[in-house]
A.B. asks: 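One structure, as structure tokens, below. Some questions next.
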Amino acid sequence: MTKKTRMIAKFFQTSAVALVLGLTPLTAAPVIAQSKFEAVITVNNAPITQFEIEQRARFLRLLRAPGDPIALAREQLIEDRLKLQAARQSGIEVNEEQIAAGMDRFASQANLSGAEMVKLLASEGVYEETFRAFIIAGVSWSDLTRARFAPRVSISEDDLERARAAVGKGGGVEVLMSELIIPYTPQTQEQVEATARRISEGASESSFAAEARRYSATRTAPSGGRLPWTPLNELPGGLRGIILGLAPGDVTDPLPLQGAVALFQLRDIRETDVAEPEYAAIEYAAYYINGGRSEQALARAARVEADTDTCDDLYGIAQGEDPRVLERGSKAPSEIPQDIAYELSKLDPGEVSYTLTRSNGETLVLLMLCGRSQTIAEEAPATGETTADSAEGEAAANALSETEMLSRQIGDQRLASYADGYMAQLKAEARIVEK
């Protein structure tokens, strides 16, 4: 690996910027066989070419992104098309000044200018348009989600007090919640969303429980959606900020999932003496059953649950079927779709959930948690061994007050949760054709 490549890899490994790379038609590209510019994926009739996928995969390899770079490239490019389409439908277009500022801001994390970053990427075969489009997609999506969801985000002093307790040293935080998840099909989506909005407006604990028994598709429905005490760290990152923003008795705004709408009510919150672990990776399996939430599909899921104890058992269940009906892998918590991450947070290894659907409600998803890998905390430097890097990081952290940092964290988490849900909705409604 060249020095320049190591520099790029180090930058992206430590960067807080998500790897969301979108592509637009190239204005200056080398002579390449025409076939590489033929569409291999269409997203609402917008093409994605083989050349774009290869460029994204090259970019991901440089960043040492985990997983199959080609598969990851296809997935990210689909999301980028949806982001840009949604932004344009809302009248959001970024200009050259925003693009240049975004490139400089992104590159500054490696102590480079935007122009220097372009040269470094080009030396490894990643074209300038790839970098420009990455910025365009990121800025467009950020502008869109902030315009759409920021008015819903308000942070009170009570929110900050709960957050201070959550990040306090030496202990953890547990929350007592109720859940209500209503699946929908394209035909019932509008009605379900209206029902969710009605429930979210001033529901008491007893009325929320009654609505959960009536509408929720989760296993907790008979008990009014009530969940046991749950460590905050086991919830998806975006949901944590939303829950911390609630006072006991409050209900979230409707949160869009893929093919469903979710509501959560906070019933209580408490501190514990034992710090909860952070997880580096979560391994899970997904078994797809035709028929959505039909009686036959739910009965099939129940039989699979009865016949399996571990994720390995699912291979026997899926034997002889299309290999695509079973997926298994290990992902960082931030890489797991929001709705799947939430369902997994309720499971112990070997347990299953079949609340979620895909393909506009036509496919039931049976999830099984295989296991969780804890993050190994790095040892703090011994007294007197503070490095220049750690001193610099401490100075940067101290530039913001505790209140400002917590406010920003809570706000960003809530926006991220809304954005994740919105993306799931866009995917569910999109016409995506892969060749």
Side-chain angles (χ1 to χ4, degrees), residues 166 171-181 212 216-240 242-243 257-258 260 262 264-289 293 298-318 325-358 364-377:
V173 171
E174 294 182 334
V175 291
L176 194 62
M177 303 190 304
S178 295
E179 62 176 357
L180 196 163
I181 299 179
S216 187
T218 67
R219 295 188 176 190
T220 59
S223 63
R226 292 182 174 90
L227 294 164
W229 284 102
T230 302
L232 186 68
N233 281 358
E234 291 189 5
L235 297 178
L239 184 58
R240 295 179 201 173
I242 292 176
I243 297 302
L257 305 178
Q258 188 171 155
F264 299 96
Q265 183 176 57
L266 180 66
R267 293 169 17 232
D268 203 354
I269 186 170
R270 68 185 182 188
E271 297 181 51
T272 65
D273 294 332
V274 179
E276 298 296 339
E278 289 285 350
Y279 295 105
I282 297 176
E283 183 183 2
Y284 67 96
Y287 177 63
Y288 300 102
I289 303 171
R293 297 195 60 78
L298 291 170
R300 170 65 173 159
R303 290 195 298 272
V304 171
E305 180 180 15
D307 293 340
T308 55
D309 295 311
T310 69
C311 288
D312 289 342
D313 295 336
L314 290 173
Y315 291 112
I317 296 293
V325 304
L326 178 62
E327 294 182 350
R328 179 176 177 177
S330 180
K331 295 183 178 181
S334 61
E335 297 174 344
I336 301 174
Q338 187 85 352
D339 54 349
I340 290 178
Y342 173 64
E343 287 301 309
L344 293 174
S345 73
K346 298 184 287 183
L347 304 179
D348 291 326
E351 291 184 338
V352 306
S353 159
Y354 39 93
T355 296
L356 305 179
T357 62
R358 291 293 187 265
L364 185 67
V365 183
L366 183 145
L367 293 172
M368 178 178 282
L369 177 65
C370 307
R372 298 182 176 96
S373 300
Q374 292 186 20
T375 300
I376 300 175

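Throughout, residue positions are numbered sequentially from 1 according to the sequence presented.
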A.B. asks: Do any N or O atoms from the side chain of Glu351 and from the backbone of Asp348 form a donor-acceptor pair under 3.5 angstrom?
C.D. replies: yes
A.B. asks: May I ask you to test the Phe264-Ile242 pair for a side-chain heavy-atom distance under 4.5 Å?
C.D. replies: no
A.B. asks: Side chains of Asp339 and Arg358, heavy atoms from C-beta outward: is any pair under 4.5 Å?
C.D. replies: yes
A.B. asks: Working to the nearest 0.5 Å, report the span between OG1 of Thr357 and CD1 of Ile289.
C.D. replies: 12.0 Å
A.B. asks: How many angstroms lie between atom CG of Asp307 and atom CD1 of Ile317, to the nearest 0.5 angstrom?
C.D. replies: 5.0 Å
A.B. asks: Determine whether Ile340 and Val365 satisfy the following criterion, side-chain contact (heavy atoms from CB on, under 4.5 Å), listing intermediate values before the conclusion.
C.D. replies: CA-CA 9 Å; Ile340 290 178; Val365 183; 5.6 Å; no
A.B. asks: Could you tell me which residues satisfy ring pair (Phe, Tyr, Trp, His ring centres under 6.0 Å) with Tyr287, sequence neighbours excluded, listed by chain and number?
C.D. replies: none
A.B. asks: Using only atom types and a distance under 3.5 Å, with no angle test, would you say the side chain of Thr230 pairs donor to acceptor with the backbone of Pro228?
C.D. replies: yes
A.B. asks: Which atom names give the shortest non-hydrogen contact between Val352 and Met368, and what distance separates them?
C.D. replies: CG1-CE, 3.4 Å
A.B. asks: Quick one: list whatever passes ring pair (Phe, Tyr, Trp, His ring centres under 6.0 Å) with Tyr354, sequence neighbours left out.
C.D. replies: none
A.B. asks: Does Ser178 have any side chain to side chain contact (heavy atoms under 4.5 Å, CB included) partners at least two apart in sequence or in another chain, and if so, which?
C.D. replies: Phe208, Arg226, Gln265, Arg267
A.B. asks: Can you name the nearest heavy-atom pair linking Arg240 to Asn233, along with the distance?
C.D. replies: NH2-O, 2.9 Å
A.B. asks: State which residues pass side chain to side chain donor-acceptor pair (under 3.5 Å) with Asp309; sequence neighbours excluded, sorted by chain then number.
C.D. replies: none
A.B. asks: Rounded to the nearest 0.5 Å, how far apart are CD1 of Ile243 and CD1 of Ile269?
C.D. replies: 9.0 Å
A.B. asks: Distance from Cys370 atom SG to Ile282 atom CD1, nearest 0.5 Å?
C.D. replies: 11.0 Å
A.B. asks: Sequence neighbours left out, what passes salt bridge (charged side-chain N to carboxylate O under 4.0 Å, His left out) with Arg372? Give chain and number order.
C.D. replies: none
A.B. asks: How far apart are the closest heavy atoms of Ala221 and Ser216, and which atoms are they?
C.D. replies: CB-O, 3.6 Å
A.B. asks: How long is the span from the CZ atom in Arg300 to the CG atom in Leu364, to the nearest 0.5 Å?
C.D. replies: 11.0 Å
A.B. asks: Would you please test Ile336 and Tyr284 for side-chain contact (heavy atoms from CB on, under 4.5 Å) and show each step?
C.D. replies: CA-CA 10 Å; Ile336 301 174; Tyr284 67 96; 4.1 Å; yes
A.B. asks: At their closest point, which heavy atom of Met177 faces which heavy atom of Leu235, and how far apart are they?
C.D. replies: CE-CD2, 4.0 Å
A.B. asks: In Å, rounded to the nearest 0.5 Å, how long is the span from OG1 of Thr308 to CG of Leu366?
C.D. replies: 7.0 Å
A.B. asks: By side chain to side chain donor-acceptor pair (under 3.5 Å), which residues pair with Glu343, not counting sequence neighbours?
C.D. replies: Lys346, Ser353
A.B. asks: Listed by chain and number, what are the salt bridge (charged side-chain N to carboxylate O under 4.0 Å, His left out) partners of Glu327, not counting sequence neighbours?
C.D. replies: none
A.B. asks: Grab the two heavy atoms, one from Leu314 and one from Ala285, that are nearest each other, plus how far apart they are.
C.D. replies: CD1-CB, 3.7 Å
A.B. asks: According to side chain to side chain contact (heavy atoms under 4.5 Å, CB included), who are the partners of Ala332, at least two apart in sequence or on a separate chain?
C.D. replies: Ser334, Glu335
A.B. asks: Which heavy atom of Gly371 sits nearest a heavy atom of Pro349, and at what distance?
C.D. replies: CA-CG, 4.3 Å
A.B. asks: In chain order, what residues pass the side chain to side chain contact (heavy atoms under 4.5 Å, CB included) check against Thr220, with sequence neighbours excluded?
C.D. replies: Glu179, Thr218, Ser223, Leu227
A.B. asks: What residues form a salt bridge (charged side-chain N to carboxylate O under 4.0 Å, His left out) with Arg219, not counting sequence neighbours?
C.D. replies: Glu305
A.B. asks: Output all residues satisfying salt bridge (charged side-chain N to carboxylate O under 4.0 Å, His left out) with Arg293, sequence neighbours left out; order by chain, then residue number.
C.D. replies: none
A.B. asks: Answer yes or no: is there a donor N or O on one side and an acceptor on the other, between the side chain of Arg270 and the main chain of Glu174, under 3.5 Å?
C.D. replies: no
A.B. asks: Run the side chain to side chain contact (heavy atoms under 4.5 Å, CB included) test against Asp268 and tell me which residues pass, sequence neighbours left out.
C.D. replies: Leu176, Trp229
